[in-house]
Structures are given as C-alpha cells and as structure tokens.
Amino acid sequence: MCHYKLKMWQVLCFVVLGATLPGCPATSTPSNSVPNLVGLDQLAAYECLSTCGLCLEGVIEELSDSIPKGQVIRQDPRPGSHACVGMRVTLVISSGVRTSAWMEVSVEPSEAWQDGASWCLDHGRWMAPQENPIAVTEGTHIVSFKGIAGWREPQSSIVNVRGGGTHYVLGLYTPSLSTAFSAFADESVPPEEAADDLFDAFDAHRAREGYESAAYAMTTAIEEFVQGGGDLNYLTLRSLQIPSAFYDGWEVAERRAIRARLKSNTVGNQARSSEQGLLAGLTTYKGMREVVPESSDYDNCVIYVNGMAITYADFLVASGGLEERVRNMDTDYRIHCTGYWNEDGLLLVELGECTAQKIVEWLDLARDISVQNETTQKLEACIIDEVDAGKNVILVSHSQGNFHAREAVDNISPDKRAQINVLSVGSPVTFMPEGLRTCSRVDVEGDPVSELSLVNFDPFPFEGTWGWGDWLNVLTNRMTDGRIDVPKILLLNHHHFEGSYLQGEAGREIVKRIQDYLCLAAS
C-alpha cells in the first residue's frame with residue numbers, strides 16, 4: 001500500500017477551486033494518465049506524484065550535460081501512461097555536468113612489454129603500455145590486461161571514476177612458472193633475483209588456481225628440466241649462492257638447500273622427490289622475510305621442533321598448524337611462532353640416531369654428557385639468540401625433537417635456561433634438564449612412542465583421523481575375538497603432530513599450556 005499526505009492548502013485548492021499543479025491531473029482515478037515530470041526539480045516532482053495519488057519508487061542519479069543538477073531527466077512509467085491509485089514511479093535525476101578525468105595505467109615489468117603486454121579500457125582496443133594517460137568519463141570502468149606467452153597477466157581492475165583528477169591502475173605481470181624456473185636454472189641471472197621471481201610466479205599461480213595446480217606446474221617444470229639434461233644438484237648449488245643477508249640472517253645454506261634425494265631412477269620420480277624441497281627452499285623464506293615482522297617486535301617466542309622422518313613440506317604444515325592456533329594470543333602477549341627443522345633423513349639412520357640419543361639420556365643420569373649433534377648445536381644457537389634478545393622462549397618439541405631439545409637445553413647455561421619453557425608432545429624422552437622455567441608434556445592415547453619414555457603419564461583421548469593401523473587393529477580383534485592384538489607400531493597415526501596432537505582435547509591443552517607459560521612470564 002502507498003502512503004502519502006496532502007497539505008491543507010492543496011486540499012482546499014483541489015476541492016474548492018479545482019486547481020492542479022502544472023502537468024498533474026486533479027483527481028486520481030484509473031482513467032488518469034501519468035503526469036510529465038521531466039524538467040521539474042526533485043521536490044516538485046515528489047509533490048506532484050503525491051497530489052496525483054502516485055508513489056515514488058526510487059531515485060536514480062545520472063550525469064547530464066544538458067539537464068541542470070537536481071532536475072528530472074526521465075521517468076518510468078513514461079508521461080501519458082495509464083495511471084491508477086498507488087502506482088509507483090521511478091525518477092532519473094541529473095547529478096550535474098560530466099567532469100573530465102584521466103586514467104593512467106602502469107604495466108610492469110618492462111620485460112613484459114617486449115613480449116606484447118598491453119591493456120584495454122572497457123573491452124575496447126588493446127593499447128600499448130606507453131599510451132598513458134587517457135581521458136575518461138565519470139562512472140565505472142574496467143581495465144583488462146592481455147594474456148601473453150610466458151607470463152601470467154594481471155587480473156582486471158574495476159575503477160569507479162568520480163570527479164576530475166587522475167586515477168591510477170597498476171598491472172603487474174608475473175612470469176609463468178615454467179619461465180621463472182628456466183630463469184632460475186640460467187646461471188646468467190643472479191640467483192637471488194631468480195629465486196624471488198620463482199616465488200612470485202608460484203604464489204601468483206597458487207592464488208588463482210590453488211596450491212595443487214601450482215605444485216603440478218612446478219613439478220612439470222622440473223621434469224622438463226631433467227628430461228632436457230638438467231642437473232638437479234646444480235639447482236642446489238644455485239640456492240647456496242644466495243647471500244645470507246638477502247634473507248635477513250636465516251641460515252640460507254642449511255634451510256634453503258634443495259637436497260634432492262633421488263629415490264628412483266625414473267625421471268618423473270626424480271623430479272617429484274625434489275619438488276617439495278625446491279618449493280620450500282626457494283619460496284618459504286622469501287615469504288617469511290616479507291610477512292613476518294622483525295623478531296624484536298615480540299616479547300615471547302614459540303619454537304616448534306619436529307620429530308624424525310618429516311619432510312620439509314610436512315614440517316611447514318605442522319609448524320603452520322601450531323602458529324594458527326596461537327595467533328590470537330599475539331595481541332595480549334606479543335608472541336612470535338616459528339620452527340626449527342630436524343632435517344629428514346634415511347629412516348634406518350634416524351632410528352639408529354634415536355637409539356643412540358636414548359642411550360645417552362640414560363647415561364646422562366649418572367654423568368653429565370654433552371652431545372655435539374649438528375642439529376642440536378644449531379637448535380641451541382637458535383634458542384640462545386632468542387634468549388639474548390630478551391625473549392621468553394617456549395619449545396614445543398615433538399617425538400625425536402625432544403632429544404634435540406633436551407640436549408640443546410642441557411648445553412645452555414643455567415641463567416639462560418631459566419627463560420626457557422619446554423612442552424614435550426609424543427616424547428620418548430624420560431626427563432628434561434633442571435632449571436627450566438616450566439616443563440611439562442602432553443601425550444595422546446595409543447601413541448607407542450610416548451610409552452618409550454617409561455614415564456607414568458595421563459594421555460589425552462585420540463581425536464584425530466583413524467589410519468590403516470587402527471582399522472587393521474579393529475579387524476584383527478574382531479576376527480580373533482580379541483586374542484591377537486596388532487603391534488602398536490601400526491598405530492603411529494596417533495603420534496602425528498598435526499593430525500593427532502593438535503586435534504581435540506590434546507590440541508586445546510597444548511594451547512592452554514602455552515598461554516599459561518605466557519601468563520607466568522608476564523607476571
């Protein structure tokens with residue numbers, strides 16, 4: 001229903017004198033026609049509609065070079081159309097004379113120009129990067145960029161032009177993954193520049209089409225490189241040539257080395273075995289350098305140390321999962337979450353290393369023994385750097401990472417040790433050195449590694465995803481009426497950091513204890 005109100009003087013005029021406003025009928029009956037409102041200002045047009053028993057549906061503003069601002073340009077329904085009581089009318093009102101404006105489109109990098117980079121306005125003709133600036137009218141415009149071989153074109157930009165002046169648009173072309181990878185393998189290109197371009201190319205591909213598509217494109221590029229006679233070890237040398245200062249002090253030689261472990265003689269498997277290391281080594285630390293603020297901006301530091309048989313890609317997933325869960329504490333505690341990679345190696349070698357570390361731990365009960373393990377030494381240096389910077393350090397060590405954490409802390413002086421907190425998860429370690437600010441552990445039910453510690457503990461329920469060991473255990477029990485129990489080594493999915501320890505009650509407990517440590521340090 002349309003609600004309208006007439007002024008008293010209008011009612012008197014219509015009833016006594018039969019007067020009407022110009023263009024408006026005196027009565028509002030089905031036989032009336034819609035009045036002509038073009039040229040009236042908005043207020044007069046509204047009063048005319050009210051007088052005629054019509055309603056205002058809405059007002060649309062439109063630029064006009066001929067109709068003064070505030071006046072009706074056109075209406076819907078049109079003048080003379082059949083009218084009835086309560087009909088709704090839409091008015092198009094002039095917003096004034098069009099104002100001249102300019103559009104300036106910058107196309108980068110200049111190397112893309114040589115390959116045909118160009119842009120267009122509102123799906124018009126393609127223009128060269130040098131054709132700038134151009135005059136545009138007020139309103140909404142679309143700037144598009146041409147796709148060219150070897151490059152990923154920028155996404156189209158929508159520009160709302162209001163008023164005069166110059167409106168700027170940047171179109172940043174990024175090399176395709178294959179082009180960027182070829183440049184990284186080209187010794188004539190500085191390695192740090194080539195690594196940056198490769199990261200940008202991978203990130204642009206990932207942003208548009210997802211990680212799986214980007215990883216597939218990277219794998220394809222590596223396979224083509226190998227099939228063309230390329231040496232994967234050469235890529236490792238390239239990454240080692242990047243100056244450490246380029247990545248703000250991160251251990252480039254250690255952390256960015258590709259370390260291509262070729263597990264098969266087939267080209268495809270060779271490429272895939274190096275793909276994860278290449279992505280991690282060449283892209284991750286540039287991202288960290290650009291996204292993570294200086295460590296001096298923080299009062300607390302959480303360091304994740306992974307267990308054995310963990311690839312670098314899996315390490316990034318696990319450390320990222322922990323960082324995701326403590327991120328909301330940053331506002332209150334100025335906390336920085338990072339990770340230290342206990343490097344993945346041959347399984348049998350790592351099992352032997354763990355056995356030796358357990359023996360050393362037992363011997364350490366009788367006599368203090370200092371272990372000069374390379375991973376332990378570097379973790380120790382990493383912890384000392386944070387402590388010397390005045391940080392409260394929280395070590396979250398998983399599985400074999402607890403051996404490295406224990407030895408690293410044991411080699412640190414008592415005064416520095418008092419600033420260190422250790423939270424052990426899935427730990428085979430029996431004890432941690434004395435003098436720590438805090439020390440505790442979280443274990444999950446069914447984790448066979450935790451039981452190797454020979455410590456009495458109260459495990460949290462397993463709330464992760466069941467693996468093949470769980471199902472085989474259930475199946476075997478049903479078939480044998482519980483007389484045969486599958487060895488617990490089959491239940492190692494209960495030991496997984498991201499898939500088990502960061503899930504459910506155990507995950508909440510880890511976050512709670514980290515927060516408790518932060519509260520203690522703040523007090």
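The analysis underlying the following values was restricted to heavy atoms, covering all of them including side chains, and did not include hydrogens, waters or symmetry mates.
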Around atom CD of Glu434, are there more than 12 heavy atoms of other residues, nucleotides or ligands at under 6.0 Å? no

Roughly how far apart are Cys301 SG and Ile335 CD1, rounded to 0.5 Å? 8.0 Å

First locate atom CZ of Phe403, then atom OG1 of Thr376, and finally report the distance between them rounded to the nearest 0.5 Å. 10.5 Å

May I ask you to test the Thr430-Glu361 pair for a side-chain heavy-atom distance under 4.5 Å? yes

Verify the ring-centre separation between Phe497 and Tyr304: is it less than 6.0 angstrom? yes

Indicate yes or no: at least one non-hydrogen side-chain atom of Ile384 is less than 4.5 angstrom from one of Ile412. yes

Determine whether the side chains of Asn392 and Asn421 contain a donor N or O and an acceptor N or O closer than 3.5 Å. yes

Nearest heavy-atom approach of Val189 to Ala194 is CG1-CB, 3.9 Å

Separation of Glu407 CD from Met432 CE (nearest 0.5 Å): 9.5 Å

Less than 4.5 Å apart, side chain to side chain, heavy atoms only: is that true for Gln503 and Glu498? yes

Interatomic distance, CG@Asn342 vs CD@Glu350, rounded to 0.5 Å, equals 6.0 Å

Check this for me: Gln155, atom CD, are more than 12 non-hydrogen atoms of other residues, nucleotides or ligands nearer than 6.0 Å? no

Would you please say whether a donor-acceptor pair under 3.5 Å links the side chains of Ser399 and Tyr501? no

Neighbour count above 12 (heavy atom, 6.0 Å) for Asp458 CG: no

Using a distance-only test with no angle check, is there a side-chain donor-acceptor pair under 3.5 angstrom linking Asp115 and Trp151? yes

Distance, nearest 0.5 Å, that separates NZ of Lys391 from CD of Gln419: 10.5 Å

Using side-chain heavy atoms (C-beta onward) and a distance below 4.5 Å, is Glu445 in contact with His494? no

Under 4.5 Å between any side-chain heavy atoms of Val422 and Thr438, yes or no? no

Heavy-atom side-chain proximity of Phe145 to Val105 below 4.5 angstrom: yes

Hey, what do you get for CG (Leu395) to CD1 (Ile303), rounding to the nearest 0.5 Å? 5.5 Å

Look at the side chain of Trp113 and the backbone N and O of Ser118, then say whether any donor-acceptor pair between them is shorter than 3.5 Å. no

Donor-acceptor pair, Asp447 side chain versus Gly426 backbone, under 3.5 Å? no

Counting only N and O atoms by type, is there a donor-acceptor contact under 3.5 Å from the side chain of Arg513 to the main-chain atoms of Ser440? no

Ring-ring centroid check His495 His398, cutoff 6.0 Å: yes

In terms of heavy-atom contacts, does CD1 of Ile158 have more than 12 from other residues, nucleotides or ligands at under 6.0 Å? no

Would Thr179 and Ser182 count as having a side-chain donor-acceptor pair, cut-off 3.5 Å? no

